[in-house]
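These notes concern the structure reproduced below.
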2 protein chains.
Amino acid sequence: MVEFLKPMDKRQKILNAATRLFVERGFQNTSTANISKEAGVATGTLFIYFATKDELINAIYKEAKQRMAESLKEGFPQGAATRDKLKHLWAEVAAWALDNSENFRFMHMFSASPFITNLTREEVESTSSFAMQSIKDGMKNGEIASIPIDLFHSILDGFLTGTVRYIAANPSKRKKAIEASFDVFWNGIKGK
Amino acid sequence: MVEFLKPMDKRQKILNAATRLFVERGFQNTSTANISKEAGVATGTLFIYFATKDELINAIYKEAKQRMAESLKEGFPQGAATRDKLKHLWAEVAAWALDNSENFRFMHMFSASPFITNLTREEVESTSSFAMQSIKDGMKNGEIASIPIDLFHSILDGFLTGTVRYIAANPSKRKKAIEASFDVFWNGIKGK
DNA sequence: TGCATAAATGACTGATTAGTCAATTTTTGT
DNA sequence: ACAAAAATTGACTAATCAGTCATTTATGCA
């Protein structure tokens with residue numbers, strides 16, 4: 001027998017509700033009771049799945065990053081030129097961010113927050129190492145300009161955040177905006 | 001008689017202490033008692049200058065933005081080419097951010113926070129309108145690529161945040177890093 | 001079916017905190 | 001020097017909230 005419409009398990013319901021509320025109202029301004037109510041479970045249930053409220057916010061961060069990374073890996077053109085690899089990443093991140101705007105906003109809002117532990121940050125770093133490696137390779141062989149990797153990362157983040165924010169406000173211009181912002185990005189970082 | 005070493009007024013002491021603590025520990029995780037203690041005043045004093053804790057965080061945001069804008073306006077080359085105007089802004093922002101790293105981190109951390117009201121955001125917008133106007137002018141006459149202003153803003157933010165973060169970690173490379181990141185930025189956005 | 005185990009519930013509590021206010025100290029003007 | 005006004009103080013309170021736990025409900029398995 002096939003399972004139709006298997007109800008989302010409670011853990012996931014809690015994660016989704018918390019993401020929504022944290023983005024809307026901030027972490028400390030959202031009580032665990034708020035989250036439980038929004039998720040449709042009892043206040044005690046939250047603490048079965050997450051020992052503390054801090055553990056919950058760290059789980060959201062970690063799982064969102066992991067899911068995004070999985071999405072980026074799909075169909076990644078390993079052997080291709082750096083430009084094509086980056087273009088692939090660009091399109092995938094934009095698509096993911098638009099389909100998961102709550103998670104994307106969450107990642108942006110809480111990436112620098114003191115509630116996300118260094119352990120979480122470390123655990124998450126490896127998920128995007130395949131992309132980072134491509135970038136380092138591209139710098140080595142001169143396809144892209146040699147700039148500090150932190151700076152590169154921050155630039156990339158600014159581009160993507162801006163692109164996604166723009167597309168969210170102007171959905172019809174999605175394709176064009178992705179192309180245009182990639183061109184600006186590529187012109188900036190390409191070698192020579 | 002000249003006033004030597006006039007003690008910083010209590011309002012400013014509270015603003016400074018709060019900025020430091022909010023960046024370190026987050027907004028809701030910092031109690032007003034923490035702030036008062038750090039500032040060296042009584043708990044009641046905070047509420048003489050700021051009716052609520054929310055008013056305090058909005059004041060920090062507003063005044064930091066305003067002070068930075070003033071700094072940017074100094075010596076702004078009004079008649080110059082867009083590239084030179086942007087280069088001036090670049091250097092000034094980098095300098096300000098490095099001299100006011102607490103405030104810069106604060107601005108970055110709380111610019112998207114739900115505690116900053118829309119009114120505050122509106123009030124602050126005008127402080128950088130002179131820079132925005134230069135950018136729009138540059139787009140009109142083809143000196144820089146025509147991209148949505150929100151996207152431009154976000155890209156700029158990413159570049160600056162990354163540059164400042166890098167310089168903070170590698171102070172000796174300050175001059176070179178500023179030049180290098182501007183070049184990447186300019187190659188990306190220049191016209192044609 | 002019945003029993004054992006796991007999951008879920010929500011009333012409750014100990015701790016924390018934003019904001020108050022009556023009392024005290026400092027400043028100002030004469 | 002004095003008094004009136006202004007600024008400052010910190011003990012206090014009403015409210016909120018993270019996390020607990022005794023009880024109930026659901027699940028798996030013989």
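Just so it is clear, the structure is predicted and the values come from calculations on it, not from any experiment. Every chain is numbered from 1, with letters handed out A, B, ... down the list of sequences.
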*So B:Ile189 and B:Trp186, side chain to side chain contact (heavy atoms under 4.5 Å, CB included) or not? Walk me through it.*
CA-CA 5 Å; B:Ile189 63 151; B:Trp186 180 253; 4.0 Å; yes

*Rounded to the nearest 0.5 Å, what separation is found between the OG1 atom of B:Thr43 and the CG atom of B:Leu46?*
8.5 Å

*Within 45° of the axis and under 6.0 Å from the centre of the six-membered ring of B:Phe27, does NZ or CZ of B:Lys53 qualify?*
yes

_What's A:Ser31 touching, base or sugar-phosphate or nothing? Going by heavy atoms closer than 4.0 Å._
sugar-phosphate

*How would you label the contact of B:Tyr49 with the nucleic acid (heavy atoms, under 4.0 Å): base, sugar-phosphate, or nothing?*
sugar-phosphate

*Of the nucleotides D:dT8, C:dT20, C:dA11, which has the atom closest to the B:Thr43 side chain?*
C:dT20

*Which part of the nucleic acid does A:Thr30 contact within heavy-atom distance under 4.0 Å: base, sugar-phosphate only, or nothing?*
sugar-phosphate

_So that I know where these two stand, are B:Phe110 and B:Phe115 an aromatic pair - ring centroids less than 6.0 Å apart?_
no

*A:Gln12 and A:Asn16: side-chain donor and acceptor closer than 3.5 Å?*
yes

*Just report the end-to-end axis angle for the helix from C:dT1-D:dA30 to C:dT30-D:dA1, five pairs per end, to 10 degrees.*
20°

_So, using side-chain hydrogen bond (donor to acceptor under 3.5 Å, both in side chains) as the criterion, who are the partners of A:Ser146 when residues are at least two apart?_
none

_Value in whole Å for how far the P atom of C:dA18 lies from CG of A:Asn29_ = 12 Å

